[in-house]
Number of protein chains: 2
Amino acid sequence: MYIVRMDKNRNYEEAKLQMRKGMLEFCTLLIISRGEVYASDILKELKKADLIVVEGTLYPLLSRLKSDGLLDYDWKESSAGPPRKYYTLTANGKEKLSQLKTTWKSLVESINTLIRT
Amino acid sequence: MYIVRMDKNRNYEEAKLQMRKGMLEFCTLLIISRGEVYASDILKELKKADLIVVEGTLYPLLSRLKSDGLLDYDWKESSAGPPRKYYTLTANGKEKLSQLKTTWKSLVESINTLIRT
DNA sequence: GATAGTACCTTGTCGCACAAGGTACCGTGT
DNA sequence: ACACGGTACCTTGTGCGACAAGGTACTATC
């Protein structure tokens, strides 16, 4: 006898309609899609985009994305310091990102319409 | 002897750097700025913009904005049904909205740059 | 005076962003 | 050899807010 959990907040079909919640996720995927990066790189990029994030936010997010199968990582040694986790998008991650891009565009469209009216 | 609460999450100076959290707030202010509306009107408009919201989300939000001095309301009778609360922006609300518009534009800029790169 | 429609609001749950703190690896200086 | 400063990973505890579900109250119609 199994109990089926709906896992509401990981429902990616509905995520389409909740873009505001996924901003950070979207940007993170976006940054990773541009090339292998590790956590500190991502933090730097997010800050450039005025999306303030701290480690305590980013690491759990990366773990979530990993366990959702959107990300993968490889350990690579650093010339100075401990090894780093370099993240890449999986096929699912790319798929997801492309959906999010579409949603993003239509959200921007909608809000710009609101602003102009 | 008073205890001073910092009330972290109502700090509107920092809100500039946390746009993603304020999407819903932003859109709500935007909608109200276009003319007197009541809750159901706002819900309809938000849904048009693909920002799914339910009553249980909107009412507390409106109360928060009211107690922050960004909104005001007047009771008006309806031709059919109970009276309605029609919301308007206060001076502070207009000020806040104009800040948020600026932040929104620069956020869109940043993300579009990320997308293009 | 029941029902249907509209409108406002509250309660309980859960995920997430954050602050703060913790572990571990590496090279350099003494 | 070992203490340190720098880097990188991760966890724990707190509070807010989005949501689902349920509740109150007013109006008109049958």
Side-chain angles (χ1 to χ4, degrees), chain A residues 5-28 36-44 46-47 50-68 71 73-87, chain B residues 5-28 36-44 46-47 50-68 71 73-87:
Chain A
R5 287 198 59 220
M6 288 306 287
D7 226 350
K8 294 182 224 169
N9 286 287
R10 294 281 91 201
N11 180 343
Y12 280 110
E13 289 315 297
E14 263 186 25
K16 195 178 169 187
L17 303 165
Q18 301 182 353
M19 191 66 184
R20 66 181 178 285
K21 251 181 138 178
M23 289 279 283
L24 190 52
E25 188 172 312
F26 174 47
C27 291
T28 302
E36 275 198 332
V37 282
Y38 71 108
S40 302
D41 292 333
I42 300 173
L43 273 177
K44 240 178 277 166
L46 287 174
K47 274 172 188 159
D50 274 347
L51 288 161
I52 290 295
V53 181
V54 292
E55 287 189 326
T57 300
L58 187 60
Y59 282 108
L61 173 61
L62 291 171
S63 301
R64 274 198 309 279
L65 294 174
K66 171 75 166 67
S67 73
D68 285 340
L71 295 184
Y73 60 75
D74 289 308
W75 284 101
K76 296 208 176 160
E77 301 202 348
S78 160
S79 55
R84 302 168 175 170
K85 272 185 176 176
Y86 279 88
Y87 288 90
Chain B
R5 285 197 62 220
M6 287 307 286
D7 227 349
K8 294 182 226 170
N9 286 287
R10 296 279 91 201
N11 181 342
Y12 280 110
E13 290 315 299
E14 263 186 26
K16 195 177 168 186
L17 302 166
Q18 301 182 351
M19 190 65 184
R20 65 182 179 285
K21 250 182 140 179
M23 289 279 283
L24 190 52
E25 189 172 311
F26 175 47
C27 291
T28 302
E36 276 198 331
V37 282
Y38 71 108
S40 302
D41 292 334
I42 300 173
L43 274 176
K44 240 179 278 167
L46 288 173
K47 274 173 189 159
D50 273 346
L51 288 160
I52 289 295
V53 181
V54 292
E55 287 190 325
T57 300
L58 187 59
Y59 282 108
L61 174 60
L62 290 172
S63 300
R64 273 199 309 279
L65 295 174
K66 172 72 166 68
S67 73
D68 285 340
L71 295 185
Y73 60 76
D74 289 308
W75 284 102
K76 296 207 176 158
E77 301 201 349
S78 161
S79 55
R84 300 166 176 171
K85 271 186 176 175
Y86 279 88
Y87 287 90

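Here is how names work: the chains are called A, B, and so on, in the same order as the sequence lines, proteins then strands, and each is numbered from 1.
The distance between atom CE of B:M23 and atom P of D:dG17, rounded to the nearest whole Å, is 16 Å. Between the CG atom of A:D68 and the P atom of C:dG15 there is a distance of 13 Å, rounded to whole Å. The nearest whole Å value for the distance from the CD atom in B:E25 to the P atom in D:dC16 is 15 Å. Atom pair B:R84:CZ and C:dA7:P shows a separation of 4 Å (rounding to whole Å applied). Between B:L58 atom CG and C:dT6 atom P there is a gap of 18 Å when expressed in whole angstrom units. What separates NZ of A:K76 from P of D:dC9 is a distance of 13 Å, to the nearest Å. In this structure, OH of B:Y86 is placed 8 Å from P of C:dA7, rounded to the nearest angstrom. Distance A:K44 NZ to D:dT7 P: 10 Å, rounded to the nearest Å.
Within the 4.5 Å cutoff, side-chain heavy atoms of A:D74 are placed close to those of A:E36. For the pair A:I42/A:V53, no side-chain contact is recorded, criterion being any heavy-atom separation below 4.5 Å from C-beta on.
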Original post:
Please, what dot-bracket string fits DNA chain D when only Watson-Crick and G-U pairs with both distances under 3.5 Å count, crossing ones use [ ] and pairs to another strand use |?
Top reply: ||||||||||||||||||||||||||||||

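Going from atom CG of A:L24 over to atom OG1 of A:T57 covers 7.0 Å, rounded to the nearest 0.5 Å. Expressed to the nearest 0.5 Å, how far OG1 of B:T28 lies from CZ of B:R64 amounts to 9.5 Å. Here CZ of B:R84 is found 11.5 Å from CH2 of B:W75. Values are rounded to the nearest 0.5 Å. In this structure, the separation between CG on A:D41 and CG on A:L46 is 11.0 Å, given to the nearest 0.5 Å. Rounded to the nearest 0.5 angstrom, A:E25 CD and A:C27 SG are separated by 10.5 Å. Rounding to the nearest 0.5 Å gives a distance of 11.5 Å between CG of A:L62 and NZ of A:K66.
Residue A:Y38 has a polar side-chain atom (N or O) positioned under 4.0 Å from OP1 or OP2 of D:dA8. Phosphate contact (OP1/OP2 of D:dC9, side-chain N/O of A:Y59, threshold under 4.0 Å): present. Residue A:R64 places at least one side-chain N or O closer than 4.0 Å to OP1 or OP2 of C:dA17.
Listed nucleotides D:dA20, C:dC8, C:dA19 differ in distance to B:A39; the shortest reach to its side chain belongs to C:dC8. With distances taken from any side-chain atom of B:K85 to the nucleotides D:dA20, C:dC9, D:dC9, the minimum falls on C:dC9.
Comparing A:L61 and B:Y87 against DNA chain C, the residue whose closest nucleotide sits nearer the 5' end is B:Y87.
Counting non-hydrogen atoms under 4.0 angstrom, A:S63 reaches nothing in the nucleic acid.
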**OP:** Spell out protein contact along nucleotides 22-30 of chain D as letters: B when the base is contacted, S when just the sugar-phosphate is, - when no protein heavy atom is under 4.0 Å; keep the 5' to 3' order.
**Re:** ----BSS--

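For A:Y38 against A:K85, the heavy-atom pair with the smallest separation is CB-O, 3.1 Å.
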